[in-house]
Amino acid sequence: MRYHSIDPQLFINNRKRFAEKLPSGALAIFNSNDIMPTNGDGTMSFRQNNDIFYLSGADQEETVLLLSPDSFHEKYREVLFVIETNDHIARWEGEKLTKERATELTGIKTVYWLSELESVLQTVMSEAKEVFLNDNEHYRRANEVETRDARFRRWIGEKYPLHTYRRAAPIMHELRAIKSPIEIELLRKAAEIDVEGFKRVMKFVKPGVMEYEIEAEFLHHFIRNRSRGFAYTPIIASGGNACVLHYIENNQACKDGDLLLMDVGADYANYNSDITRTIPVNGKFTSRQKEVYNAVLRVMKESLDMLRPGNQLHEYHREVGKLMTSELLGLGLLDKTDVKNENPDWPAYKKYFMHGTSHYIGLDVHDVGSWTVKMEAGNAFTCEPGIYIPEENIGIRIEDDVVITEDGLINLTEGAPKEVDEIEDWMNS
Ligand SMILES: [Mn+2]
């Protein structure tokens with residue numbers, strides 16, 4: 001791995017918190033992600049499954065985690081199965097986890113080769129009162145590919161058809177929504193890499209530069225700082241491209257007088273940042289650009305104030321909608337009749353601000369977490385209002401990543417210039 005080793009206490013604590021949520025006598029099994037194919041003998045780079053990573057820190061394919069906290073056999077209470085390695089494999093494929101190294105990284109004492117899984121299962125399944133298996137239950141999942149967890153569910157269901165199987169995902173979502181101090185440091189690291197990337201790029205942008213050249217600047221900075229790379233496909237959108245919300249072509253020249261919207265995240269140790277800044281290509285906002293920009297910025301500041309323990313995401317989004325409505329009235333983009341006649345399911349402001357303001361962030365960029373419970377300390381969110389006016393060639397979004405604490409927000413990304421003056425000064429210094 002490119003990142004510095006993580007304190008295994010993170011994973012030890014996570015397993016403890018997970019075990020506390022399991023009913024007595026239960027067994028839980030988590031699978032790694034597969035290495036995804038491309039064509040021929042090509043593969044994509046490996047990205048670990050977030051749940052097995054969260055519970056073990058094992059960042060390798062063909063890995064299985066078995067947790068049976070109440071097992072009579074102490075050595076089976078936490079077991080990690082990894083793919084067998086030897087000198088031949090090490091020479092061809094590079095270093096894989098040895099049993100000793102796996103224990104160091106994960107804090108799990110019992111590490112077996114994957115080939116021993118079936119026989120260990122034989123023992124623990126005979127004890128288990130019920131079995132928790134995993135699935136991707138993200139509310140926005142869109143996945144046609146069968147995961148290793150899915151194949152495993154089919155396999156174990158055929159081999160042990162009369163056991164009671166239950167969902168691990170609700171427990172994982174609940175746990176992962178609350179970030180511990182070690183996780184906050186990892187998020188901070190991802191954010192720092194990203195912030196420095198933005199500062200570098202703000203000095204690089206000038207009329208005529210291509211959007212993909214800017215993308216390359218970010219990637220250069222990220223990888224030099226132990227990031228695997230982008231947290232998601234970056235959006236580098238100049239002029240009217242910024243009004244296409246998921247513009248990822250990044251193949252146009254940045255024009256004098258246009259704005260440039262950059263929504264770019266860095267990965268660090270599987271944790272993510274998600275920052276957006278909108279800057280003038282030539283280093284100076286026009287008065288109209290500044291007017292719209294400051295409207296977005298005011299909505300952002302007031303929204304950040306509402307990210308606090310006790311508030312609730314749906315209500316928060318409704319309140320942000322009201323703030324945005326008043327700004328759009330001020331900008332002359334909406335009038336009172338638009339607002340009076342608005343459809344409550346699609347309020348008038350959505351014409352210019354059609355996406356959500358905040359999402360959980362963590363091991364997933366759009367991290368798991370409930371939208372119906374109240375916010376609490378340890379939740380990490382983005383805050384990303386925007387105004388998009390295609391007819392004026394203006395698309396503005398500003399996005400920070402924050403962690404909620406009992407005594408206010410930690411803004412992980414405030415180092416990236418955000419005030420109009422700050423941006424202009426930085427670009428021109
Ligand atoms: Mn975001």
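Remember, it's 1-based here, ligands and their atoms both numbered in the order they're listed. All values derive from a computational prediction rather than experimental measurement.
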**Study point:** Tyr232-Asn272 side chain donor-acceptor pair, cut-off 3.5 Å
**Key:** no
Check your understanding: Is the shortest heavy-atom distance from the side chain of Ser56 to the side chain of Leu105 under 4.5 Å?
Key -> no
Review point. Taking the six-membered ring for Trp, are Tyr293 and Phe285 parallel (under 30°), tilted (30 to 60°) or perpendicular (over 60°)?
Key: tilted
Check your understanding: Counting no waters, what protein N/O/S atoms lie under 2.8 Å from the Mn ion (ligand 1)?
Key -> Asp274 OD2, His359 NE2, Glu384 OE2, Glu399 OE2
Check your understanding: Parallel, tilted or perpendicular: which describes the rings of Phe81 and Tyr112, with under 30° parallel and over 60° perpendicular?
Key -> tilted
Check your understanding: Should the pair Lys206 and Phe204 be classed as cation-pi, given the thresholds of under 6.0 Å to the six-membered ring centre and 45° from the axis?
Key -> yes
Check your understanding: So His355 and Phe353, would you call those rings parallel, tilted or perpendicular, with 30° and 60° as cut-offs?
Key -> perpendicular
